[in-house]
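Before any comments, here is the structure.
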Amino acid sequence: MSSIYDFQTIEKKWQSYWDENKTFHAEIDHTRPKFYPLVEFPYPSGAGLHVGHPRSYTALDVVARKRRLEGYNVLYTMGWDAFGLPTENFAMKNHIHPEIVTRDNVARFKSQLKSLGLSFDWDREINTTDPGYYKWTQWIFLQLYKHGLAYKKEMNVNWCTGCKVVLANEEVVNGVCERCGAPVVHKEKSQWMLKITAYADRLIDGLDGLDYIERVATQQKNWIGRSHGAEVNFTTTTGDNLTVYTTRCDTLFGATYMVVSPEHALVGEWLEKGIIKNVDEVKAYQLEASRKSDMERTELNKNKTGVCLDGVKGINPVNNTEIPIFISDYVLASYGTGAIMAVPAHDTRDWEFAKKFGLPIVEVVQGNTPSNLDEAAFTDVATGTLVNSGFLNGLSVNDAKAKMIEWLEANGKGCDKVNFKLRDWVFSRQRYWGEPIPMVKCDKCGWQPIPESELPLTLPEITDFEPGEDGESPLARHTDWVNTTCPCCGGPAKRETDTMPQWAGSSWYFLRYMDPHNDEALASKEALEYWGPVDWYNGGMEHTTLHLLYSRFWHNFLYDIGVVPYSEPYKKRTSHGMILGLNPRSFQNLPAAEQKELVAKYGSEKEAQKALVEKYGEMAAHPVVKMSKSLGNVVNPDDIVRDYGADTMRTYEMFMGDFEQSAPWNTASIAGCKRFLDRVWKFQDNVVDGDSYRPELEVPFNQTIKKVSEDIETLKYNTAIAAMMGLLNKIDAVGSINRKEYRDLLIMLNPFAPHITEELFEMMGFGSPITSQSWVTYDPDKCTESTVEIAVQICGKVRAKLNVPVDISAEDAIALAKAEEKIAAAIAGKTIVKELYVKGKLVNIVAK
RNA sequence: GCGGGCGUGGUGGAAUGGCAGACACGUUGGUCUUAGGAACCAAUGCUUUCGCGUGCAGGUUCGAGUCCUGUCGCCCGCACCA
């Protein structure tokens, strides 16, 4: 009899074995092809590992382990993205230094990850808060500065009222802070900026050569938001130039007014010069607009507001018509020129505004059917033809655009222009726990980079991490550190006290894994050339427009300055779905007894569910929700590993559903995966000799190996495991397993359940360790049985089943089908209209 | 509003245009047990009589969960980007 499958002992045994033997340690080896899979390194939060983390880690661990068996030299690594606000907040609250908080959290995360048997090369572990690491983060910043891509600017920033820190546009979600949920307001602050906009085109065009899943590429493109249009130079009655940006220069004849953003420079100028007559009204509107938070602006976006500037008019360059100029916050200062020409007949927003302010609506584009401009703007570009537009009359929209640009350029009234939604990256944070920005300010020389030889510029040891009330970094209070000398003139100077955002360290970490201990460079040329680029990067969708875009920007830049030998960092990007929790407040998830009780009380399930929604709120209507402490549905991976083992946990996470879709965690379902592994364990009692597949298992084995091999490559881990479960059922039907079959099964299962397969491999004397074996192969000719069961349909309805040789001819198959008793009876006396045979599937007879 | 995705048993989910519900969970019955929240075996979409079934209504096809049109619902992203 087999021993008990004591997963606790076995898993510890092999984890120590791998550690001691450095089984997964990778070194440059030019005799083997390399493979570099990457998962997003975690922020080591105080809460410990979430069950969501291992979904991604296990998925690429499966790929990494398979690749090693296939002969690749695999670099699979882990590290810590450890700078960040939660740690600093925890440190403040509990009066513990962030460094200690980080150290403790990392230790916990590391032991949790180790307990899962992930095949990381722990010798390459990195930590963004390690001065040896952030020396190079700072070094990259200096290169950006030296190439004019880092600059300091007084600007309107997103200010989180909760974190008391500046946020990047990407960090503001629905007008509130992505992290803490507090309202975000605008504030003028002097900030370090990175010129990501200089790479806008590259970041779109570079996607073409990459294997990114569609939704990631689309989201990045939309975020960068490239639009082709024209700048048109309007003039004003004051003699000023007022340039607008438009994608519809074909409609220039239909411009009946102009709108500039409340912050537009000309408005200030005109106010100063006394040109504007309704000063109070204009100033009041400006003030109101500046006070609005993003949330308020969003909420109000249906109801257009604005003020007409009294005393100045715009002049349309194409027909010299004078038109009114408004200020309105529906025009953004930060996009285009901060000014637009308004064509209410053909733009929905302009139409709304014109309706509200009673402005003329002039039709210049006509569709195939007459449009009612009292009802809505006509915006169909595809079918429109120009009217009331002088030299454009009769042209299609596209032709008119081209002709108008020609005209504008010929007359010096405008030009072609490409605009982007993407804005420069606000890079300053008024916090302690981040990389110091290696810049000093000298009264004489201005901002100066510190010499590279002085890197890393380390954080000073301080104990008070509270941000200043004025929004200054806590570092600003530490004058010993702040006061320094100017690297340029040697005179007194002050250090920058803001630190870098968390996205800094994670923008290049995958390069450091290639050569983590190098003190001369961020990584050696040899390592960068051998290991790079990342072959397969898996991570969350939430990073698509943040980390993923930022790191592509940095990497393209590093390529331009000759630091890395290729421009794009990641060849392939995939994304996993979130692991959700069951909502304990939803009717569907209540214990049966409670459900009965509620139905008795309220009459029906529907009414019971309604009552729950009334009691708990809208959320009770959703049976599957995000895990949260307040609902008490958070699952701790430690508990699962303790109760079921790491192999079961891994298998379950891969089996629970489509890897790319979100899936609810259901601890009750884990039993199935545990049983699966138990059955594999028990095969040891029923092993017979044999060094080839037995006839009845030959096809199932070949089929399963094919399925598992292919599914691992296409993220279909769930069906790969299902196929192995199906194979087990077939082996059980035979009643025993032979040594060849057992051995191949274990290799196939090894990437998913590495511990149990190592143990069985050793016990069975197949040679040890399993990690030095070769991946199983299949014979394509042996993936189908020699006879198959086909369906016989009459008019598409299945009427009988038939066993036929797999290579039977269509004629023979149809003849056999017709000879079948039920079929013969069904078609008797009818005219056969059509007969067809689909190989190995079915015969369909159409009879009337 | 725009862009992307998705609606399949009690549940998670399978199905190159070809026998819908693989593989699991759960449930029911059984075996073995002092016991079972263990293990194993059997049944399990609904109805059981023809039959009906992939959100709903049409269409294409010999054949549609899959393709097309419309519609309803849910999720995600963007959100006045001119």
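Source: prediction; values computed, not measured.
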Kindly say whether the aromatic ring centers of Phe353(A) and Tyr257(A) come within a distance under 6.0 Å.
yes

For Met541(A), I'd like to know if atom CE has over 12 heavy atoms of other residues, nucleotides or ligands within 6.0 Å.
yes

Gap in Å between the two C1' atoms, one belonging to U66(B) and one to U49(B), rounded
32 Å

Sugar-phosphate, base or nothing in reach of Glu789(A), heavy atoms under 4.0 Å:
base

In whole angstrom, give me the gap between the C1' atoms of G7(B) and C56(B).
11 Å

Let's see if you can work this out: which of G18(B), G51(B), G3(B) has an atom nearest to the side-chain heavy atoms of Val838(A)?
G18(B)

Between the side chains of Ser227(A) and Asn419(A), does any donor sit under 3.5 Å from an acceptor?
no

Selected nucleotide, minimal atom distance to Leu836(A) side chain, candidates G18(B), C80(B), C78(B):
G18(B)

With syn defined as a glycosidic angle within 90° of 0 and anti as the rest, where does G10(B) land?
anti

Should we count NZ of Lys355(A) as having more than 12 external heavy atoms under 6.0 Å?
yes

Between G17(B) and G59(B), how far apart are the C1' atoms? Round to whole Å, please.
15 Å

Quick one: label Glu214(A) by what it contacts on the DNA or RNA (base, sugar-phosphate, nothing), any heavy atom closer than 4.0 Å.
nothing

Protein proximity profile, nucleotides 21-33 of chain B - base contact B, sugar-phosphate-only contact S, no contact -, cut-off 4.0 Å on heavy atoms
-BBSSS-------

Grab the CG-C1' distance between Asp658(A) and U11(B) for me, whole Å please.
17 Å

Nearest to the side chain of Trp223(A), heavy atoms from C-beta on, is which of A79(B), A82(B), C62(B)?
A79(B)

Starting from the 5' end of RNA chain B, give me the residue, Lys797(A) or Phe659(A), whose nearest nucleotide shows up first.
Phe659(A)

Span that lies between the P atom of U33(B) and that of G51(B), in whole angstrom
46 Å

Please state the C1' separation for the pair G58(B) and G10(B) - nearest whole angstrom.
32 Å

Return the value, rounded to whole Å, for the distance between atom NZ of Lys356(A) and atom P of C80(B).
17 Å

Hey, are the side chains of Phe234(A) and Leu252(A) touching, using non-hydrogen atoms and a 4.5 Å cut-off?
yes

Would you kindly check whether a donor in the side chain of Lys801(A) faces an acceptor in the base of C19(B), or vice versa, at under 3.5 angstrom?
yes

Categorize Val846(A) for me: base, sugar-phosphate, or nothing, with a 4.0 angstrom heavy-atom threshold over every strand shown.
sugar-phosphate

Single hit among His576(A), Arg55(A), Arg573(A) for side chain to side chain donor-acceptor pair (under 3.5 Å) with Asn538(A):
His576(A)

Interatomic distance, Asn583(A) CG vs G12(B) C1' [rounded to whole Å]:
17 Å

Scan Thr348(A) against the nucleic acid and name what it touches under 4.0 Å (heavy atoms): base, sugar-phosphate only, or nothing.
nothing

Between Arg423(A) and Tyr335(A), is any pair of side-chain heavy atoms under 4.5 Å apart?
no

What integer distance in Å separates Met541(A):CE from G3(B):P?
18 Å

Within the pair Tyr335(A) and A82(B), is there a side-chain N or O less than 4.0 Å away from OP1 or OP2?
yes

If we only count heavy atoms from C-beta on, is the Val244(A) to Met258(A) side-chain gap below 4.5 Å?
yes

Lys674(A) vs G37(B): side-chain N/O to OP1/OP2 distance below 4.0 Å
no

Atom P, compared across G9(B) and A57(B): separation rounded to whole Å
15 Å

Give me the distance, rounded to whole Å, that separates U11(B) from C67(B) when you measure between the P atoms they each carry.
24 Å

How far does the C1' atom of G21(B) sit from the matching atom of G65(B), given to the nearest Å?
11 Å

Lys356(A) NZ: over 12 foreign heavy atoms closer than 6.0 Å:
yes

What does Pro664(A) touch in the nucleic acid at a heavy-atom separation under 4.0 angstrom: a base, only the sugar-phosphate, or nothing?
sugar-phosphate

Residue whose nearest RNA chain B nucleotide is more 5′ - Lys841(A) or Asp732(A)
Lys841(A)

Does any non-hydrogen side-chain atom of Glu653(A) lie less than 4.5 Å from one of Tyr717(A)?
no

Taking only the side-chain heavy atoms of Leu842(A) (C-beta and beyond), determine which of G13(B), G3(B), C19(B) contains the nearest atom.
C19(B)

Ile340(A) CD1 to C80(B) C1', straight-line distance once rounded to whole Å:
9 Å

Sugar-phosphate only, base, or nothing, as touched by Lys707(A) at under 4.0 Å among non-hydrogen atoms
nothing

Could you tell me whether His622(A) contacts a base, only the sugar-phosphate backbone, or nothing, with contacts defined as non-hydrogen atoms closer than 4.0 Å?
sugar-phosphate

Rounded interatomic separation in angstrom, taking CG from Leu252(A) and C1' from A82(B)
14 Å

What is the separation between atom CG on Asp350(A) and atom P on A82(B), rounded to the nearest whole Å?
12 Å

Enumerate, in order of first residue number, the stems that involve RNA chain B, defined as 3 or more consecutive Watson-Crick or G-U wobble pairs with both distances under 3.5 Å.
B:1-7 with B:72-78, B:10-12 with B:23-25, B:26-31 with B:39-44, B:55-59 with B:67-71

Rounded to whole angstroms, how far apart are NZ on Lys401(A) and C1' on A82(B)?
12 Å

Test ring-ring contact (aromatic ring centres under 6.0 Å, His included) on Phe357(A) and Phe326(A) and set out the steps.
CA-CA 10 Å; Phe357(A) 288 86; Phe326(A) 286 78; 5.4 Å; yes

If you apply the rule side-chain hydrogen bond (donor to acceptor under 3.5 Å, both in side chains), what do you find for Tyr652(A) with Asn666(A), and how did you get there?
CA-CA 10 Å; Tyr652(A) 174 66; Asn666(A) 188 350; 5.9 Å; no

